[in-house]
Structures are given as structure tokens and as C-alpha cells.
Amino acid sequence: MLARCANLYRTTYSARIQPCFWSVGARPAILALIQQQQPRFQYSSSAKDPAKTASEPKKTLVLPQSYAETVRRLLKRFLPQYQSLAIGKVVYEACSTYPEFKEFWVDDCQLPETFQTWFSTTSLYVWMAMVRIRADPNAKYYSQGLVDCFFRDAEQKMRSSGIKSSRIVNDTLKDLVSSFKGTVMSLDEGFARSDAVLAAAIWRNLVPVDENVIQVDRIAQYVRRQLQRLDKCTINDLTTGGFTFERVE
């Protein structure tokens with residue numbers, strides 16, 4: 001009985017099993033077929049013919065005039081935002097490289113050579129540049145880039161002086177921001193009203209020494225002269241490094 005079942009199983013399943021497609025006898029035919037079809041799928045890595053490449057016309061994308069103007073207007077709206085930091089660095093370089101810090105502000109005005117004195121005097125030059133930038137349609141971005149560079153420099157000076165605590169640096173920067181806003185408001189009022197109000201703002205924020213009344217008058221006249229020069233200066237000259245402040249005389 002077991003022998004008959006085994007013979008039946010062997011006969012049934014052997015009839016169902018088909019010969020393997022990748023049998024030994026079929027290999028030469030399959031290889032020949034692959035070789036015939038291989039050039040269709042082969043990618044050439046050789047260089048192109050220079051004469052054929054030169055004769056081929058170059059494809060260029062040309063937008064219609066209306067589309068080009070629309071794209072130009074859209075890019076022009078967002079362009080000042082991306083250029084504000086770079087322009088702020090250029091303008092701040094002119095505001096922070098005044099050569100008479102030690103000669104005039106420390107020696108003649110009898111101010112201590114400290115970080116606070118540097119911050120106060122630099123605020124004056126930053127404010128004068130901001131007055132000129134306000135006349136430009138992109139004043140919002142340029143002024144913000146200038147102020148950002150100013151306070152980054154202030155933070156760097158604090159850390160280079162030995163202050164390692166981030167909490168102390170952040171608290172000091174908050175106080176400096178409030179002081180800078182007050183200085184800008186006072187100088188704006190003096191600029192809009194009269195030389196006396198401007199001199200009072202300079203005395204309160206920059207030179208709070210009673211013996212330096214003559215120096216305060218010199219600074220007020222100097223500020224008026226620099227604002228006149230800035231008014232004649234184009235915004236392109238200011239934002240590309242073509243303007244420098246004169247020495248205090």
C-alpha cells in the first residue's frame with residue numbers, strides 16, 4: 001500500500017513540474033538575447049563631439065515682459081531684507097571707526113575711557129547715520145541692520161573684557177537698549193527743535209560734566225555739520241562705504 005502511494009505521488013507531481021527556464025540548455029539562447037538587447041540600454045560615457053555640440057542651438061528661457069516685471073517687483077520687495085545685515089555692517093564701520101575717541105572724547109571732554117563712554121559716543125554716530133537712512137524707502141531694514149551690528153559689537157566687547165556670564169551680558173544689553181532708545185529720542189528732539197535743545201541732549205547723554213560746556217557747544221556744531229554732509233550724501237554712498245565722518249574740530 002505504501003509503495004503504491006509513493007508511486008502515485010511521484011507520478012502526479014513530476015508531471016506538474018516544468019523545466020526550469022534558466023536551465024543549462026537554455027543559457028546560450030538567453031545570453032544571446034541579452035547581448036542583442038544590451039546596446040539599447042547602454043549609456044555612453046564618452047565626450048560629445050565638439051562640432052556637433054557647437055552646431056546645436058542653445059536653449060534659453062525668455063520670460064514675457066509682463067512676467068519679468070512681476071518677478072522683478074516681487075524680488076525688489078524682499079531684497080532689502082536680505083541686504084540689511086550686510087549694509088548695516090558697512091554703515092556701522094563708518095560709525096565705529098572715528099579716530100578721535102581718545103584724543104577728543106577722553107582727553108578734551110574728560111570722560112573716562114570705559115565701555116560706557118564708548119557706547120555713548122558710538123550711539124551719537126549711529127544716530128546721525130540713522131537720521132540719513134530714514135529718508136530712504138528701505139529705512140526700516142537698513143536701520144535695523146545698523147542697530148543689530150551695533151549691539152553685536154557691544155556684546156562682543158563685553159565678553160572680550162572678561163564677562164563670561166550670559167545672564168549678566170543679557171541684562172546689560174537690555175539696559176543698553178533702553179539707554180540707546182532714550183538717547184535717540186533726546187537727539188531727535190534736539191535735531192527738530194533748536195541747537196540749545198540739541199546741546200542739552202548731548203550734555204545729558206554724552207558729556208555730563210559741568211566744566212565741559214564749551215565742548216558741548218563744539219559737539220552740537222559738529223553734529224549739525226555732519227548732518228548737513230549726510231543730507232548731501234546719496235544713500236548708495238552711505239551703504240557702500242563711500243561716507244566717513246569728519247574729525248571734531
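Everything numeric here is computed off the predicted structure, so don't read it as measured data.
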For this session: Could you grab the distance from atom NZ of Lys232 to atom CG of Asp237, nearest 0.5 Å is fine?
Result: 14.0 Å

Seminar exercise, completed: The reported gap from CG in Leu146 to CD in Glu93 (rounded to nearest 0.5 angstrom) is 12.5 Å

Exercise. Under a 4.5 Å side-chain heavy-atom rule over Ile, Leu, Val, Met, Phe, Trp and Tyr, are Phe151 and Met128 clustered together?
Worked result: yes

Exercise. Are side-chain heavy atoms of Glu113 and Asp107 found at a separation under 4.5 Å?
Worked result: no

For this session: Report yes if some heavy atom in the side chain of Ile219 is under 4.5 Å from a heavy atom in the side chain of Trp203; otherwise report no.
Result: no

Problem set entry | Distance (rounded to the nearest 0.5 Å) between Cys95 SG and Met130 CE | 10.0 Å

Problem set entry | Val184 reachable from Val126 in the ILVMFWY side-chain graph, under 4.5 Å edges | yes

Exercise. When rounded to the nearest 0.5 angstrom, what is the spacing between CG in Asp148 and CG in Asp153?
Worked result: 12.5 Å

Exercise. Which atom pair, heavy atoms only, marks the closest approach of Arg224 to Leu198?
Worked result: NE-CD2, 3.8 Å

For this session: Quick one: pull up NZ in Lys89 and SG in Cys149 and give me the separation to the nearest 0.5 Å.
Result: 6.5 Å

Exercise. Closest approach of Ala154 and Phe115, non-hydrogen atoms and distance?
Worked result: O-CE1, 3.8 Å

Exercise. Between Leu124 and Trp105, is a side-chain contact (heavy atoms from CB on, under 4.5 Å) present by the stated rule, with each step listed?
Worked result: CA-CA 12 Å; Leu124 176 65; Trp105 296 100; 3.9 Å; yes

For this session: Kindly indicate, with the supporting measurements, whether the criterion side-chain hydrogen bond (donor to acceptor under 3.5 Å, both in side chains) is fulfilled by Arg218 and Gln215.
Result: CA-CA 5 Å; Arg218 287 178 59 187; Gln215 304 299 342; 3.1 Å; yes

For this session: Report the C-alpha separation of Leu176 and Gln116 in whole Å, then their side-chain angles, then the decisive distance to 0.1 Å, and conclude whether the side-chain contact (heavy atoms from CB on, under 4.5 Å) test is met.
Result: CA-CA 9 Å; Leu176 293 177; Gln116 184 61 44; 4.2 Å; yes

Exercise. Heavy atoms, side chains only, cut-off 4.5 Å: are Phe243 and Arg132 in contact?
Worked result: no

For this session: Mind telling me whether Phe150 and Trp118 have parallel, tilted or perpendicular rings, with 30° and 60° as the class edges?
Result: tilted

For this session: Indicate if Val216 and Val197 have the same hydrophobic cluster label, given that clusters are the connected sets of ILVMFWY residues with side-chain heavy-atom separations under 4.5 angstrom.
Result: no

Exercise. What residue pairs, at least two apart or across chains, pass side-chain hydrogen bond (donor to acceptor under 3.5 Å, both in side chains) with a residue in residues 178-192?
Worked result: Trp127-Asp188, Arg134-Asp188, Thr183-Asn205, Glu189-Arg193

Seminar exercise, completed: Of all heavy-atom pairs linking Val90 and Leu238, the shortest is CG1-O, 4.3 Å

For this session: Decide side-chain hydrogen bond (donor to acceptor under 3.5 Å, both in side chains) for Thr114 and Thr117; before the verdict, give the C-alpha distance in whole Å, the side-chain angles of both, and the deciding distance to 0.1 Å.
Result: CA-CA 5 Å; Thr114 59; Thr117 300; 3.3 Å; yes

Exercise. What heavy-atom pair brings Thr239 and Ile87 nearest, and what distance separates the two atoms?
Worked result: CG2-CG2, 3.4 Å

Exercise. Can you check whether Glu103 reaches Val248 side chain to side chain, under 4.5 Å on heavy atoms?
Worked result: no

Problem set entry | Interatomic spacing from CD in Gln226 to CZ in Arg229 - rounded to 0.5 Å | 5.0 Å

Exercise. Closest approach of Ser123 and Phe180, non-hydrogen atoms and distance?
Worked result: OG-CD1, 3.7 Å

Exercise. Is any side-chain heavy atom of Phe191 less than 4.5 Å from a side-chain heavy atom of Leu227?
Worked result: yes

Exercise. Is it the case that one hydrophobic cluster holds both Met185 and Tyr125, taking links as side-chain heavy atoms less than 4.5 Å apart, direct or via other members?
Worked result: no

Problem set entry | Shortest non-hydrogen contact between Ala129 and Leu230, atoms and distance | N-CD1, 4.3 Å

